[in-house]
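Have a look at the structure below before the remarks.
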Amino acid sequence: MLLSLAAAGTLSEKEEKMLALANMGYSLEDASIAMDRCGPEASVAVLTDCICAAQMAREEDCHLPEDNLKPNYLCIGTSRPKKRKVFEMKKNIIEESIRLPNPMIGYGTPTLQPERIHRSLPVEARGPPYFYYENVALTPKGVWDTISRFLFDIEPEFVDSKYFCAAARKRGYIHNLPIEHRFPLIPLPPLTVQQAFPLSRRWWPEWDTRDKLNCIQTAIASAKLTERIRSALERYEGGVPPEAVQRYVLEQCRKWNLVWVGRDKLAPLEPDEVEMLLGFPRNHTRGGGISRTDRYKSLGNSFQVDTVAFHLSVLRDMYPDGINVLSLFSGIGGAEVALHRLGIKLKNVVSIEKSKVNRDIVRSWWEQTNQTGSLIDFDDVQKFDGKLVEQLVDGIGSFDLVVGGSPCNNLAGSNRVSRDGLEGKESSLFYDYFRILDLVRCAMRNRQ
DNA sequence: TTTACTATGAGCTACATT
DNA sequence: AATGTAGCTCATAGTAAA
């Protein structure tokens with residue numbers, strides 16, 4: 001009865017499940033057959049397992065080759081979900097959308113308290129397992145409403161990491177953790193660019209009034225751009241340039257997150273500076289065969305560690321002996337680093353991450369931090385099925401925390417090409433977070 | 001209430017350059 | 001073959017002014 005609490009009144013439980021399955025890439029025919037076969041009470045996780053089983057059987061019958069295993073199609077997608085139908089179902093959903101808070105401080109930061117710091121969770125949503133889901137705050141309309149509906153109607157906690165470090169990072173978090181008695185990582189990181197980059201102070205002109213950086217993304221400014229700016233500025237010989245020039249330079253600074261590194265000289269952040277701003281140990285992503293471009297990409301896709309750690313800090317006193325973690329879309333291990341820095345012992349970490357360089361980064365961090373637990377990794381969330389969950393739960397007992405941020409490519413504002421929303425090729429992997437969380441909850445319930 | 005203007009943003013891809 | 005560059009078919013929210 002997972003979705004009984006979904007969307008009071010907007011969609012029926014059956015429609016909600018159909019939409020979920022369509023979004024996961026199944027044909028509506030397959031979804032409908034599975035629902036008939038498994039009954040109205042079946043969860044989406046059970047339904048997907050059922051479709052997979054049917055398709056595998058079908059495959060055996062026909063001796064089909066495996067090459068129609070496409071990324072967005074779990075198991076063997078037979079046909080693309082009918083776009084029109086998905087659109088119509090989606091249209092029904094759009095009612096009152098979730099609004100972003102201002103200031104974006106969620107249930108509080110180390111220094112700021114909101115008006116109200118209380119919430120009550122529906123009984124079905126309570127942990128264990130605790131879960132923590134993350135994605136960009138500024139999505140196309142309706143996306144957070146859908147995500148929230150799938151995660152027990154819990155209201156997202158929107159937080160801008162500019163209250164935790166010197167760079168903005170507006171994100172939404174849906175979790176079932178307590179929100180009382182949080183504490184921050186020590187030492188508190190610098191909160192302004194001037195504190196974070198003391199050497200730049202000497203070159204920072206009065207008319208550049210920024211004291212925070214914008215969101216750290218995956219691409220950086222070209223050398224050509226900083227050269228153009230330098231030659232535009234050097235004509236004024238260190239004096240104050242005309243307002244039009246100031247405006248142009250500031251616009252580029254904001255767009256590309258540039259910092260001052262010399263007279264008239266601006267530069268993009270170095271990878272180790274990004275590591276510092278995001279709360280990772282220095283050289284966390286360095287070496288081991290990773291290219292500079294990939295380093296920027298992996299870092300740009302990551303958590304801000306201090307922010308996430310503040311939210312996860314409540315786990316420390318709840319689990320003095322340590323926790324078992326299931327980490328989806330682990331990337332460079334933001335959640336793992338946060339937990340470790342909080343002093344929470346990591347017993348078993350099961351980490352699913354597609355990129356090999358990222359898996360290597362987490363593995364090498366794990367080996368360098370004298371972990372006593374074990375790190376088990378997988379590469380594909382879509383192949384992570386109920387059998388595997390059962391097997392893991394049998395092995396390690398239970399998962400205390402299911403953490404992850406699913407891909408934002410199709411949600412993020414910078415994307416001009418494929419900002420397709422939650423049904424986009426990568427962003428629809430959110431439904432696998434939901435599916436796997438559901439499988440874990442089922443497995444743990446069955447063990448009791 | 002509407003309208004005009006501004007700022008932001010875990011990105012994508014064809015093509016040039018090395 | 002890998003890396004760098006530029007332009008991009010923008011959506012959304014906030015602000016000030018009418």
Side-chain angles (χ1 to χ4, degrees), chain A residues 94 97-104 133-145 147 158-162 164-165 167-173 208-210 212-229 247-258 267-269 271 274-275 277-280 285 289-305 307-308 328-335 353-355 357-358 361 404-422 424-427 429-430 433:
Chain A
I94 297 172
S97 8
I98 289 174
R99 296 182 66 84
L100 300 174
N102 188 9
M104 201 183 276
Y133 173 80
E134 179 262 10
N135 215 321
V136 293
L138 290 94
T139 63
K141 278 183 174 166
V143 167
W144 274 107
D145 302 81
I147 294 174
F158 290 107
V159 182
D160 189 338
S161 292
K162 74 178 180 184
F164 288 83
C165 70
R169 205 167 187 80
K170 297 177 185 65
R171 296 293 181 270
Y173 306 88
D208 182 351
T209 53
R210 293 176 299 156
K212 302 272 185 196
L213 293 170
N214 278 341
C215 184
I216 289 161
Q217 303 187 95
T218 53
I220 60 158
S222 65
K224 287 261 166 60
L225 176 74
T226 52
E227 163 57 21
R228 278 202 297 275
I229 295 175
R247 260 209 311 279
Y248 162 73
V249 173
L250 271 179
E251 192 187 309
Q252 297 304 315
C253 283
R254 293 196 162 105
K255 181 171 175 189
W256 292 104
N257 254 344
L258 304 173
L269 297 169
V274 178
E275 283 169 350
L277 287 166
L278 292 178
F280 287 91
T285 57
I290 188 171
S291 76
R292 198 179 155 81
T293 319
D294 281 347
R295 244 183 121 183
Y296 280 117
K297 189 167 176 186
S298 293
L299 285 162
N301 279 307
S302 164
F303 287 168
Q304 205 288 324
V305 170
T307 312
V308 170
L328 311 184
F329 315 102
S330 309
I332 57 174
E353 167 58 38
K354 179 183 68 166
S355 148
V357 283
N358 285 348
I361 287 168
S406 60
C408 68
N409 318 18
N410 310 118
L411 312 178
S414 321
N415 190 341
R416 297 284 180 283
V417 179
S418 53
R419 197 183 187 190
D420 302 330
L422 205 55
K425 192 162 178 283
E426 285 82 23
S427 294
L429 291 172
F430 158 73
Y433 178 91

Would you say a side-chain N or O of [X] is under 4.0 Å from OP1 or OP2 of [N]?
X       : N       : answer
S222(A) : dG4(C)  : no
N301(A) : dG11(B) : yes
T293(A) : dG4(C)  : yes
N214(A) : dG9(B)  : yes
K170(A) : dG9(B)  : yes
R171(A) : dA10(B) : yes

So what does [X] hit on the nucleic acid, given a heavy-atom distance under 4.0 Å: a base, only sugar-phosphate, or nothing?
X       : value
E134(A) : base
C408(A) : base
G331(A) : nothing
R228(A) : sugar-phosphate
S406(A) : base

Quiz prompt | Residue T218(A), side-chain heavy atoms: nucleotide from dA6(C), dT12(C), dG11(B) that is nearest | solution =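 Of the candidates, dG11(B) comes closest.
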
Exercise. Between dA10(B), dT12(C), dG11(B), spot the one nearest the side chain of N415(A), thanks.
Key: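 The nucleotide sitting nearest to the side chain is dG11(B).
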
Protein-nucleotide distance ([X], atom [atom1]; [N], atom [atom2]), rounded to Å:
X       : N       : atom1 : atom2 : result
F158(A) : dA10(B) : CZ    : C1'   : 16 Å
K162(A) : dA7(B)  : NZ    : C1'   : 12 Å
E251(A) : dA7(B)  : CD    : P     : 8 Å
K255(A) : dT6(B)  : NZ    : P     : 16 Å
D160(A) : dA10(B) : CG    : P     : 11 Å
N358(A) : dA10(B) : CG    : P     : 18 Å
R169(A) : dT8(B)  : CZ    : P     : 16 Å
D145(A) : dT12(C) : CG    : C1'   : 14 Å

Rounded to the nearest 0.5 Å, what separates atom [atom1] in [X] from atom [atom2] in [Y]?
X       : Y       : atom1 : atom2 : answer
Q304(A) : E134(A) : CD    : CD    : 11.0 Å
I147(A) : I98(A)  : CD1   : CD1   : 8.5 Å
L411(A) : L138(A) : CG    : CG    : 11.0 Å
R210(A) : L258(A) : CZ    : CG    : 6.5 Å

Quiz item: Counting only distance, no hydrogens or angles, is the base of dC10(C) paired donor-acceptor with the side chain of R416(A) under 3.5 Å?
Solution: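 Yes.
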
Quiz item: Between the base of dA7(B) and the side chain of R254(A), is there any donor-acceptor pair under 3.5 Å?
Solution: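 Side chain to base: no pair present.
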
Self-check item: G413(A) or A223(A), whichever maps to the more 5' nucleotide of DNA chain C
Solution: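 Result: A223(A).
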
Quiz item: Which residue lies toward the 5' end of DNA chain C, S414(A) or D294(A), if each is placed at its nearest nucleotide?
Solution: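 Whichever sits nearer the 5' end wins; that is D294(A).
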
Quiz item: Applying the side chain to side chain contact (heavy atoms under 4.5 Å, CB included) test to T285(A), which of I332(A), V357(A), N358(A) qualifies?
Solution: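 Going through I332(A), V357(A), N358(A) one by one, the side chain to side chain contact (heavy atoms under 4.5 Å, CB included) with T285(A) is satisfied by I332(A) alone.
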
Quiz item: Do F158(A) and Y173(A) have ring centres separated by under 6.0 Å?
Solution: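 When the ring centroids of F158(A) and Y173(A) are compared, they turn out to be at least 6.0 Å apart.
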
Exercise. Considering only atom C1', compute the distance from dA10(B) to dG14(C) and round it to an integer number of Å.
Key: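 After rounding to an integer number of Å, I get 22 Å for this pair.
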
Quiz item: For dA10(B), which nucleotide in any strand shown is its Watson-Crick or wobble partner with both distances under 3.5 Å?
Solution: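 Per the H-bond distance test, none.
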
Quiz prompt | Complement of dT15(C), any strand, by Watson-Crick or G-U distances under 3.5 angstrom | solution =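 Result: dA4(B).
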
Exercise. Would you mind telling me which residue lines up with the more 5' stretch of DNA chain B, S418(A) or C215(A), judged by nearest nucleotide?
Key: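 Nearest-nucleotide comparison on DNA chain B picks C215(A).
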
Practice problem: Determine yes or no for a side-chain-to-main-chain donor-acceptor pair under 3.5 angstrom, with N409(A) supplying the side chain and S427(A) the backbone. | Solution: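 A pair under 3.5 Å: no.
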
